[in-house]
Amino acid sequence: MKSKRHLNTMIMGIFVVVTSCSDVPEKKEVINDITVKAREEFIEVEPNVKLHVTDLGEGNPVVLIHGYPLSDAMWEYQYHPLVKAGYRVIGITLRGFGESSKPYGKYDYDQFADDIKAVLDHLNIENAVLGGHSMGGAIALHYTAKYNGAHLSKLALISAAAPCHTKRPDWSYPFFTKEDITQWVNLNNNDRPALLAAIGERFASSPVSPGIVNWLGTIEMQSSPYAMEQALIALRDEDLRDDLPKISIPTLIVHALKDQVVAYELAEQMNKRIANSKLVTFENSGHAIFFEEKDKFNEELTNFIAK
């Protein structure tokens with residue numbers, strides 16, 4: 001009898017434990033007294049292709065697209081200031097780069113724009129400010145034109161390699177010819193570290209600390225060699241001049257006079273051809289505007305978002 005009562009007590013104890021466990025609420029993270037569900041770090045844009053996404057903060061969304069051949073990690077010194085300013089900031093790593101999937105296939109501006117659309121659709125983003133650096137700026141421009149500003153309220157073109165990164169018979173502004181970029185394609189396929197070194201020599205306007213060099217180099221080497229080749233070909237061949245008159249949302253153009261990767265004259269041409277655009281000139285940085293003059297850059301970007 002005693003053993004039977006003991007067995008009943010054990011059964012009741014197990015029942016209580018199981019019931020209690022089933023009532024445990026879904027695990028959530030508490031940040032500054034705000035309870036939020038953990039957000040997706042990888043978003044599938046097509047079968048077997050997932051993009052890495054950094055998604056931080058609360059408030060109106062700011063979406064950032066990295067330059068070549070980096071990843072959304074390049075925005076490290078923008079994420080925190082934007083979150084502190086009261087925004088939700090979303091960095092998207094393009095396919096083939098960083099921690100995103102690296103499939104065989106297309107790596108042109110149409111494909112990249114489609115991937116951005118898939119991410120914004122999935123996250124139900126509306127009234128976002130879309131910003132892109134270098135090749136990411138060209139892709140942000142093409143996305144805005146192709147999808148008529150879907151999900152967006154504003155556009156920021158940051159040292160953007162747009163509308164054309166190489167010289168044409170009727171387009172003399174870029175630093176590079178198509179043959180120059182073809183040499184970079186060949187260098188990528190034979191000595192990729194040498195390509196990165198060649199880009200690195202032009203990246204900043206002043207000496208960069210070894211820590212920053214290592215940081216950027218680590219990000220770059222995560223990229224797929226195939227994606228780097230195909231994206232360089234897109235950078236060489238794409239012509240977005242017809243996209244410029246299609247941009248109707250307020251547009252910020254930020255560019256440095258000392259930029260040795262993307263000529264300042266390209267920013268001037270975009271400013272002339274994009275209605276409702278504003279050009280802000282940086283005098284003490286090169287192509288690495290986002291960390292060479294990060295305080296001024298963050299201030300200009302935040303002011304543009306807030307207006």
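Note that the structure is predicted; figures quoted are calculated from it, not measured.
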ask   = Is the Lys NZ or Arg CZ of K278 less than 6.0 Å from the centre of F304's six-membered ring, within 45° of the axis?
value = no
Contact summary for [X] and [Y], nearest pair of heavy atoms:
X	Y	answer
V119	V45	CG2-CG1, 3.9 Å
H151	I125	ND1-O, 2.5 Å
G136	I65	CA-CG2, 3.9 Å
G98	S71	CA-CB, 3.7 Å
I289	F297	O-CB, 3.9 Å
G67	S134	CA-CB, 4.2 Å

query = Any chain of hydrophobic side-chain contacts (each under 4.5 Å) joining L266 to L252?
reply = no
What residue pairs, at least two apart or across chains, pass salt bridge (Lys or Arg N to Asp or Glu O under 4.0 Å) with a residue in [range]?
range	value
residues 110-134	R95-D115, D110-K146, D114-K146, K117-D121
residues 245-264	none
residues 156-175	D170-R241
residues 64-81	none

request  = Could you list the residues that satisfy ring pair (Phe, Tyr, Trp, His ring centres under 6.0 Å) with Y143, not counting sequence neighbours?
outcome  = Y147
Contact check, side chains of [X] and [Y], non-hydrogen atoms, under 4.5 Å:
X	Y	value
T54	L56	yes
V62	I305	yes
S223	R192	yes
L157	M270	yes
L240	Y109	yes

message = List the residues meeting side-chain hydrogen bond (donor to acceptor under 3.5 Å, both in side chains) with N271, not counting sequence neighbours, and say none if there are none.
response = S277
task = Report the residues that fulfil side-chain hydrogen bond (donor to acceptor under 3.5 Å, both in side chains) with Y173, sequence neighbours left out, ordered by chain and then residue number.
result = Q269
May I ask you to check whether [Y] and [X] place their ring centres under 6.0 Å from each other?
X	Y	answer
W184	Y68	no
F97	H66	yes
Y107	Y226	yes

message = Looking at N48, I'd like to know if its CG atom is crowded, meaning that more than 12 non-hydrogen atoms belonging to other residues, nucleotides or ligands lie closer than 6.0 Å.
response = no
Which atom pairs, one a donor and one an acceptor, fall under 3.5 Å between side chains of residues 228-236 and the rest of the protein, sequence neighbours left out?
{"residue": "E229", "atom": "OE2", "partner": "N189", "partner atom": "ND2", "Å": "2.9"}
{"residue": "R236", "atom": "NH1", "partner": "T182", "partner atom": "OG1", "Å": "2.9"}

ask   = Can you name the side-chain contact (heavy atoms from CB on, under 4.5 Å) partners of A194, sequence neighbours left out?
value = L187, D191
request  = Quick one: sort the H255 and Y264 rings into parallel, tilted or perpendicular, breaks at 30° and 60°.
outcome  = perpendicular
inquiry  = Just to verify, what does R88 make a salt bridge (charged side-chain N to carboxylate O under 4.0 Å, His left out) with, not counting sequence neighbours?
reply    = D55
key: K106 bridged to E46 by N-O distance under 4.0 Å   = no
request  = Could you note down all residue pairs passing ring pair (Phe, Tyr, Trp, His ring centres under 6.0 Å) where residues 113-138 supplies at least one of them, sequence neighbours left out?
outcome  = H133-H287, H133-F290
Counting only pairs under 3.5 Å, give me each side-chain donor-acceptor contact of residues 174-181, with atom names and distances, residues two or more places apart or in other chains.
{"residue": "T177", "atom": "OG1", "partner": "E179", "partner atom": "N", "Å": "3.4"}
{"residue": "T177", "atom": "OG1", "partner": "E179", "partner atom": "OE1", "Å": "3.4"}
{"residue": "T177", "atom": "OG1", "partner": "D180", "partner atom": "N", "Å": "3.1"}
{"residue": "T177", "atom": "OG1", "partner": "D180", "partner atom": "OD2", "Å": "3.1"}
{"residue": "D180", "atom": "OD2", "partner": "T177", "partner atom": "N", "Å": "2.9"}

